[in-house]
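Here is how names work: the chains are called A, B, and so on, in the same order as the sequence lines, proteins then strands, and each is numbered from 1. Note that these values count all heavy atoms, side chains included, but never hydrogens, waters or copies made by symmetry.
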Protein chains: 2
Amino acid sequence: MPVGDPRQRRATMQQVAALAGVSLKTVSRVVNGEAGVSPEMTGRVQDAVQRLGYRHHHGASNLRSGRPTGLVGALVQDISNDFCAELLRAVEAATRERGQVVAVASLDDEPQRERAAVEGLIRRRCDGLILMPSGTDQSYLQAEVSAGLPIVAVDRPPGNIALDSVTSDNLGGARDATAHLLRQGHRRIACLVDDLGIMTATARRDGYLAALREAGVTVDTQLVVGGLRTDADAAATLTRLLAVPNPPTAVFAGRNTITLGAVRALRATDLSHTVALVGFDDVVAADLLDPPVTTIRQDAATEGRLAVEILLARLDGDPSPLFTEVLPTELVVRGSGEIPAPRSP
Amino acid sequence: MPVGDPRQRRATMQQVAALAGVSLKTVSRVVNGEAGVSPEMTGRVQDAVQRLGYRHHHGASNLRSGRPTGLVGALVQDISNDFCAELLRAVEAATRERGQVVAVASLDDEPQRERAAVEGLIRRRCDGLILMPSGTDQSYLQAEVSAGLPIVAVDRPPGNIALDSVTSDNLGGARDATAHLLRQGHRRIACLVDDLGIMTATARRDGYLAALREAGVTVDTQLVVGGLRTDADAAATLTRLLAVPNPPTAVFAGRNTITLGAVRALRATDLSHTVALVGFDDVVAADLLDPPVTTIRQDAATEGRLAVEILLARLDGDPSPLFTEVLPTELVVRGSGEIPAPRSP
DNA sequence: TTGTAAGCGTTATCAC
DNA sequence: GTGATAACGCTTACAA
């Protein structure tokens, strides 16, 4: 077997044709499984293909044929985050069936990274994009959309542009979570959310506020904290909140990492069984913790599946008006959220 | 803004040239930032580029220039698995810096899927591959390697072929885990591992066996179970093992999902604080469980980082002999692994 | 500084 | 059935 150059140089159809003693076009026909080639020719070509280790050049093929590239982009916040990873899994499963390839990127909620990633994929002529928007402005995508590139926003609504989108009912879920805590008698409920530049964080805080308002409970702005990026942030913040006079008796955690941070803080202060906790978004071993963590479940897999279904439909020419799916969330009662409020002093 | 056709049709350099009233080559120069174009021409071209929404066509450009495509493949067992996801994150971080794009796929340990995914990426002329091998035979890759395609195996050694590889010390880690349990006085230790067709599962079982042998403990083959794919499998199996006469007093779980299954089974049988448990591979909230779970930690991020470093070095022409990095594992003592054996009856 | 011609690996078109 | 030939969108080589 010949040792390859470091610079990849692969056999071309031309070379296969030469070795097989046939024309270029015949090789093309055999390689593409077109009918109307004699068995003998077919055999000779396949032989040459084997011998030269010929591989079809999808890119060159596409250049001429104008067919789609079969490259789909999936840009999420963080591919190592459970929620994103599950969503991607669903996307990947659907595209694999079509022989498409999925390019992924973590944007870490940096709009600049989003633009760079999109740019890279467009230069590579991806067929479509699934995007978890960073920041609040996706208007730069207008040119691409107008050029016919299907883009589906997932998990968060896009800003300043109309795109197909699949999101969870963040506001409703947060309201449910907060209402649940209110029903246990809590009135001082901390609200810990991510960076408020992120639409979902804002929506979840708004859901919290809505629930309080509906219950006629006055908001203590000291108990509402945004900008929490990591579980360590969340743990530190909650520890601080618990240390002041008249501390919260319950916590609404606006994200899975924040929930974990909250659990750590409650453990450290020995308040796990005293302070109630409801988290938005499931945590892996939520049922195994003590107490088990009550959460608002949002279905990442369904979000991904729906998004990719819409994308593939668009690729197939579906002319429907804009899809804006909003998936319901589900309160999963496990224990931590049912800790009652202490009797009023 | 013109409404795009469903079939994407983007402006070409030719069209830009026509609109700007310059030659194709001048457009090429401006677009590629080559020196030696008058400011006036540059302006006219940039104008036309804007107006037409021109996007560079990386594929066409590559076809002639022969430059690398900037597409890197990362094929893992399951992108929604924590370990894989973290590994991918590291890969992605490194490639992003180079403006490369990462295509991912979950193989689910199905050799057929691996071949299909590799095939798809090769047709798209990816520059290199990071592969978590499925099954035990990667010899089919020989032709690609000979053609100059850099491939780095991660997490598991490739079968029947020499590839750069980055793996964890599975055998050593499993031996450490088992030795740790032996030190607590346990003699009847269950060993629960994944499908034995997976190299890491075999290595971990072998590490378990080695530790028993070194301690002069006879192996009870009834306690050694392979083929566990899900946490439910693991839970069911352990529940069964615990129900027979002379049950195990400790468990070595060969994978993070198996560890979770074991925790569930121990909870259900109320043996969490009676039967010791050491798991291979960290579990997300291991420190928050009761008891906290002792694990053998393997560093997914480092594995990914090293693999991609090797890959990029090869792309840059590094002619070193084969790399075969074996990363050490670390025993993380948390509680579940330190439950002592009951006194002999 | 700018432009022309050829060619990258493939497919489409139309002859033989 | 099989094969020339042009073309896809771009870059290289070379000329003006």
Residues at least two apart in sequence or cross-chain that pass side-chain contact (heavy atoms from CB on, under 4.5 Å) with B:L52, listed by chain then number, are B:A11, B:Q15, B:V16, B:L19
Checking B:T42 against B:Q46: is there a side-chain donor and acceptor pair closer than 3.5 Å?
no
Distance-only side-chain donor-acceptor flag, A:Y140 / A:E114, under 3.5 Å
yes
Considering residues at least two apart in sequence or located in another chain, which fulfil the side chain to side chain donor-acceptor pair (under 3.5 Å) criterion with A:R156?
A:D109
Between B:S106 and B:D108, a side-chain donor and acceptor under 3.5 Å:
no
Under 4.0 Å between a Lys/Arg side-chain N and an Asp/Glu carboxylate O for A:R98 and A:D127?
no
Any carboxylate oxygen within less than 4.0 angstrom of a Lys/Arg side-chain nitrogen, looking at B:E40 and B:R44?
yes
Excluding sequence neighbours, so at least two apart, what forms salt bridge (Lys or Arg N to Asp or Glu O under 4.0 Å) with B:D164?
B:R314
For atom CE of A:M41 and atom C1' of D:dT2, their distance in whole Å:
7 Å
Distance under 4.0 Å to a non-hydrogen atom of chain B counts as contact; along DNA chain C, which nucleotides mark the start and end?
C:dT1 to C:dG9
May I ask you to say whether A:E309 pairs ionically with A:R305, meaning some side-chain N is under 4.0 Å from a carboxylate O?
yes
Per-nucleotide protein contact string for nucleotides 8-16 of chain D, where B marks a base within reach and S marks sugar-phosphate only (heavy atoms under 4.0 Å, - for neither)
BBBBBB---
Give the angle between the helix axes at the two ends of the helix from C:dT1-D:dA16 to C:dC16-D:dG1, taking five base pairs at each end and rounding to 10°.
40°
I'd like to know whether B:Y54 forms a side chain to side chain contact (heavy atoms under 4.5 Å, CB included) with B:V27, so could you lay out the CA-CA distance, the side-chain angles of the two residues, the decisive distance to 0.1 Å, and finally the verdict.
CA-CA 11 Å; B:Y54 170 80; B:V27 176; 5.6 Å; no
